[in-house]
Structures are given as C-alpha cells and as structure tokens.
**Q** 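Encoded as structure tokens, here's the structure I'll be asking about.
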Amino acid sequence: MQEATTLEKLSQKVGHLLRNYDELRMENMQLKENIELLELDLTAKTASVTQMQEELAQKDREIDEIVNKIESILG
C-alpha cells in the first residue's frame with residue numbers, strides 16, 4: 001500500500017512538472033515572438049529617426065545658405 005501511495009505522489013509531481021514545463025515553454029515562445037516584433041519596430045523607428053536627422057541636416061544647410069546670402073546682401 002505504501003508503495004502505491006509513493007508512486008501516485010511521484011506520478012502527480014511528474015505530471016505537475018510536465019504541465020509547468022509546457023506553460024513555461026509556451027510563455028517562452030510568446031516572449032520570443034514579442035522580442036522579434038519589438039526588434040522589427042525598433043528597426044523601423046531607427047530608420048525613421050535616421051531619415052529625420054538627414055532631413056534636419058539638410059534644412060540646417062539650407063538655413064545657413066539663406067543666412068549667408070542675407071549677410072552678403074547686407075554686407
């Protein structure tokens with residue numbers, strides 16, 4: 001009788017471990033998917049920021065040219 005109870009307890013614990021393992025495996029997969037999505041979002045935002053920085057630099061050059069023309073006119 002004692003052995004059956006021990007085997008039942010062991011079986012329950014193994015079952016619990018397997019369920020816990022499956023839950024953690026699913027959570028891990030979801031986290032990996034989230035990381036991939038965040039990396040894609042980061043890449044897109046980085047590209048956008050780079051483009052905006054280039055546009056800002058171009059606008060700064062245009063402003064410098066205008067200021068230089070005004071200064072040359074005023075003399």
Side-chain angles (χ1 to χ4, degrees):
M1 243 337 154
Q2 183 67 15
E3 281 188 42
T5 303
T6 303
L7 287 175
E8 288 173 1
K9 287 181 181 179
L10 181 59
S11 178
Q12 289 174 351
K13 289 183 179 186
V14 168
H16 176 72
L17 287 173
L18 289 174
R19 285 189 301 277
N20 193 23
Y21 170 78
D22 285 337
E23 290 171 6
L24 291 173
R25 188 174 53 81
M26 293 299 295
E27 183 180 353
N28 190 33
M29 285 178 16
Q30 290 174 344
L31 290 172
K32 284 181 179 181
E33 289 174 4
N34 286 345
I35 288 171
E36 290 174 4
L37 292 174
L38 290 171
E39 286 174 340
L40 289 173
D41 189 43
L42 176 62
T43 300
K45 287 181 179 180
T46 300
S48 178
V49 168
T50 300
Q51 180 183 356
M52 289 179 184
Q53 287 173 333
E54 291 170 358
E55 290 173 2
L56 179 60
Q58 177 62 32
K59 297 294 181 187
D60 284 343
R61 287 190 292 274
E62 291 173 5
I63 290 171
D64 286 341
E65 289 175 11
I66 292 169
V67 168
N68 287 337
K69 286 180 183 178
I70 292 172
E71 286 177 346
S72 69
I73 292 172
L74 296 177

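Note that these values count all heavy atoms, side chains included, but never hydrogens, waters or copies made by symmetry. Given the structure is predicted, the values throughout are model-derived calculations rather than measurements. Each residue takes its place number in the sequence, starting with 1.
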**Q** Taking the basic N atoms (NZ, or NE/NH1/NH2) and the acidic carboxylate oxygens, is any pair closer than 4.0 Å for Asp22 and Arg25?
**A**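 So Asp22 pairs with Arg25 through a salt bridge.
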**Q** Do Leu10 and Leu18 land in one hydrophobic cluster if side-chain heavy atoms of ILVMFWY residues count as linked below 4.5 Å?
**A** yes
**Q** Can you tell me how far apart CD1 (Ile35) and CG (Leu40) are? Round to the nearest 0.5 Å.
**A**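 If I round to the nearest 0.5 Å, the distance is 12.0 Å.
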**Q** For the NZ atom of Lys59 and the CE atom of Met52, what is their distance to the nearest 0.5 Å?
**A** 13.5 Å
**Q** So, taking the atom named OG1 in Thr50 and the one named CD in Gln53, what distance separates them when rounded to the nearest 0.5 Å?
**A** 5.5 Å
**Q** In Å and rounded to the nearest 0.5 Å, what is the CZ to CG distance from Arg61 to Leu56?
**A** 9.5 Å
**Q** Applying salt bridge (Lys or Arg N to Asp or Glu O under 4.0 Å), name anything that partners Asp60, two or more places apart in sequence or on another chain.
**A** none
**Q** Is the backbone N or O of Ala44 less than 3.5 Å from a side-chain atom of Ser48, with the two atoms forming a donor-acceptor pair by type?
**A** no
**Q** Between CG of Asn68 and CD1 of Ile63, what distance do you get to the nearest 0.5 Å?
**A** 12.0 Å
**Q** Indicate yes or no for a side-chain donor-acceptor contact from Thr46 to the backbone of Leu42 under 3.5 Å, with no hydrogens or angles considered.
**A**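 Confirmed, Thr46 side chain pairs with Leu42 backbone.
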**Q** According to side chain to side chain donor-acceptor pair (under 3.5 Å), who are the partners of Gln51, at least two apart in sequence or on a separate chain?
**A** Glu55
**Q** Once side chain to side chain donor-acceptor pair (under 3.5 Å) is applied, do any residues pair with Lys32, and if so which ones, sequence neighbours excluded?
**A** none
**Q** Let me confirm one number: the CG-CG distance from Leu31 to Leu24, rounded to the nearest 0.5 Å.
**A**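 Between Leu31 CG and Leu24 CG, I get 10.0 Å after rounding to 0.5 Å.
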